[in-house]
Amino acid sequence: SNGITVSASSAEAKALHLFNSVLHNSAGNVLLASNAWIEAEGCEFTDAAYDVVKLQGGSYRFVNCTFTNYYLFGLKHCPIITIDLTDDEGNRLEPSVRLDNCIICGNVKEFNENDFTGTDVLLRNCMLQSNGTDDSNFINCKWDGDACFRMQREKYIFDYRLGNESSATAAGDISLCPEHALIDRYGQPRIYNGGIDIGAYRWIMVDDNEK
């Protein structure tokens, strides 16, 4: 039902570190975290009937990750990422969330909240599908973007590598990617021609005959 569920009594010790991993295809969430410290680099979080990722309190950093939802079986139109700012009793939560060089897109909205003003939520050099503008929580983001994934949904091919016309190509910030994460899951170096792509995978030229 769920990919990974993490519940911690304190966010002062790291509970989970994900690296070049795939959490994909869940009838619930692919990642559900409560009051936890989680870090992830180069990971793919994709396709769930509910929120792909749901964060409740805690401390989280995602670098060069891809978050998207094209779930085939009973999508309930939940957002791709939910960041809860209050608990079930209405008490204020203060999650610390960092998304750097990440793709957030799909056939549902990106976030549950429209306004992160005054929160410790920061997106830097991320690609989003919505038509927005930068502010104190969204820094150097690529708005109204299209990842042009290699996905062919009608053929059940869920390949979330970048296509040739992707908005995410060379749009990242090299300084945001830690040295240990400079190789993607396919063994490709992230930095090329002096730039770095947004998302979990480095773009490689696609032959039209491959599709």
Side-chain angles (χ1 to χ4, degrees), residues 1-5 18 20-33 38 40-56 60 62-84 97-116 121-134 137-138 141-169 171-172 184-185 197-203 206 211:
S1 296
N2 290 307
I4 294 178
T5 299
L18 294 165
N20 283 2
S21 299
V22 175
L23 279 68
H24 171 73
N25 198 28
S26 173
N29 317 103
V30 299
L31 176 64
L32 173 61
I38 295 176
E41 301 95 20
C43 295
E44 174 189 317
F45 302 89
T46 52
D47 299 334
Y50 291 93
D51 327 72
V52 172
V53 171
K54 185 176 178 66
L55 308 175
Q56 302 170 316
Y60 311 95
F62 301 93
V63 182
N64 279 97
C65 291
T66 294
F67 302 85
T68 189
N69 203 355
Y70 291 97
Y71 189 71
L72 285 173
F73 309 108
L75 181 65
K76 300 184 185 309
H77 303 290
C78 295
I80 296 169
I81 300 175
T82 286
I83 302 172
D84 283 338
V97 181
R98 298 288 181 270
L99 295 120
D100 295 330
N101 291 345
C102 290
I103 291 173
I104 307 103
C105 68
N107 58 5
V108 291
K109 65 181 182 178
E110 294 107 322
F111 295 99
N112 62 317
E113 293 284 335
N114 294 320
D115 186 1
F116 290 117
V121 177
L122 183 64
L123 288 84
R124 298 180 292 183
N125 287 83
C126 290
M127 195 213 81
L128 303 104
Q129 66 188 6
S130 57
N131 187 11
T133 56
D134 284 352
N137 299 97
F138 294 83
C141 287
K142 175 75 70 172
W143 296 92
D144 196 21
D146 186 349
C148 296
F149 294 126
R150 299 190 194 184
M151 177 187 67
Q152 298 178 60
R153 192 167 183 253
E154 68 283 358
K155 295 182 180 179
Y156 297 89
I157 297 173
F158 293 91
D159 186 342
Y160 291 111
R161 289 175 291 174
L162 304 176
N164 292 341
E165 304 301 319
S166 176
S167 306
T169 304
D184 75 7
R185 192 169 64 88
D197 298 334
I198 297 175
Y201 307 118
R202 174 197 159 165
W203 167 73
V206 181
K211 298 181 179 180

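Keep in mind that this is a model prediction, so the values were computed, not measured.
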With rounding to the nearest 0.5 angstrom, report the CG to CD distance, D84 to E113. 8.5 Å
Residues in ring pair (Phe, Tyr, Trp, His ring centres under 6.0 Å) contact with Y60, at least two apart in sequence or another chain: none
Heavy-atom side-chain proximity of F45 to L18 below 4.5 angstrom: yes
Just wondering, do F158 and L72 contact through their side chains at under 4.5 Å, heavy atoms? yes
Please list, chain by chain and in numerical order, all residues satisfying side chain to side chain contact (heavy atoms under 4.5 Å, CB included) with Q129, sequence neighbours excluded. C105, E110
Main chain of A168, side chain of S166: is a donor-acceptor contact present, judged purely on distance under 3.5 Å? yes
Stepwise side-chain contact (heavy atoms from CB on, under 4.5 Å) check, M151 with I157: CA-CA 5 Å; M151 177 187 67; I157 297 173; over 6 Å; no
Please identify each residue that fulfils side chain to side chain donor-acceptor pair (under 3.5 Å) with D146, with sequence neighbours left out. none
Taking ring pair (Phe, Tyr, Trp, His ring centres under 6.0 Å) as the definition, give me every residue that meets it alongside Y201, ordered by chain and number, with sequence neighbours left out. Y186
Give, for atom CZ of F67 and atom SG of C126, the distance between the pair rounded to the nearest 0.5 Å. 8.5 Å
Smallest heavy-atom separation, G145 atom then S167 atom, equals CA-OG, 3.6 Å
Of all heavy-atom pairs linking G28 and A48, the shortest is O-CB, 3.2 Å
Where N20 and C43 come nearest, the two heavy atoms and their spacing: N-SG, 3.7 Å
Listed by chain and number, what are the side chain to side chain contact (heavy atoms under 4.5 Å, CB included) partners of T5, not counting sequence neighbours? N2, L32
Output yes when a side-chain donor or acceptor of R153 lies under 3.5 Å from a complementary backbone atom of Y70, and no otherwise. yes
Quick check: does any side chain N or O of N137 sit under 3.5 Å from a backbone N or O of V121, one acting as donor and the other as acceptor? yes
Rounding to 0.5 Å, atoms OG1 (T169) and CD1 (I198) come to a distance of 9.0 Å
Under 6.0 Å from the CD atom of E154, do we count more than 12 heavy atoms belonging to anything else shown? yes
Taking every heavy atom of Y71 against every heavy atom of S26, the minimum-distance pair comes out as CE1-O, 3.5 Å
Apply side chain to side chain donor-acceptor pair (under 3.5 Å) to T46 and list each qualifying residue two or more places apart in sequence or on a separate chain. H24, E44
Is there a donor-acceptor contact under 3.5 Å from the side chain of N29 to the main chain of D51? yes
Can you label the angle between the F149 ring and the Y160 ring as parallel, tilted or perpendicular, going by 30° and 60°? perpendicular
To the nearest 0.5 Å, how far apart are CD1 in I81 and SG in C102? 7.5 Å
Will you find, in the side chains of Y50 and N69, an N or O donor that is under 3.5 Å from an N or O acceptor? no
Under 3.5 Å: donor-acceptor pair, side chain of N64, backbone of G199: yes
Any donor-acceptor pair under 3.5 Å from D197 side chain to W203 backbone: yes
Least distance between heavy atoms, G42 atom then C65 atom: N-SG, 4.0 Å
With a 4.0 Å cut-off on N to O distance, would you call D100 and R124 a salt bridge? yes
Would you check if the side chain of N164 reaches a backbone N or O of V206 as a donor-acceptor pair within less than 3.5 Å? yes
May I ask you to test the S130-W143 pair for a side-chain heavy-atom distance under 4.5 Å? yes
Check whether D134 reaches the backbone of C141 with its side chain - one donor and one acceptor, N or O, closer than 3.5 Å. yes
Where the side chain of S1 meets the backbone of A27, is there a donor-acceptor pair that is under 3.5 Å apart? no
When L162, L128, T68 are each screened for side-chain contact (heavy atoms from CB on, under 4.5 Å) with I103, the one that passes is L162
Measure from the side-chain N and O atoms of T82 to the backbone N and O of K54, and report whether any donor-acceptor pair falls under 3.5 Å. no
Under the criterion side-chain contact (heavy atoms from CB on, under 4.5 Å), I'd like the reasoning laid out for F62 against L31: C-alpha separation, chi angles, the key distance, then a yes or no. CA-CA 12 Å; F62 301 93; L31 176 64; 4.2 Å; yes
Taking C-beta and beyond as the side chain, do D47 and V30 meet within less than 4.5 Å on heavy atoms? no
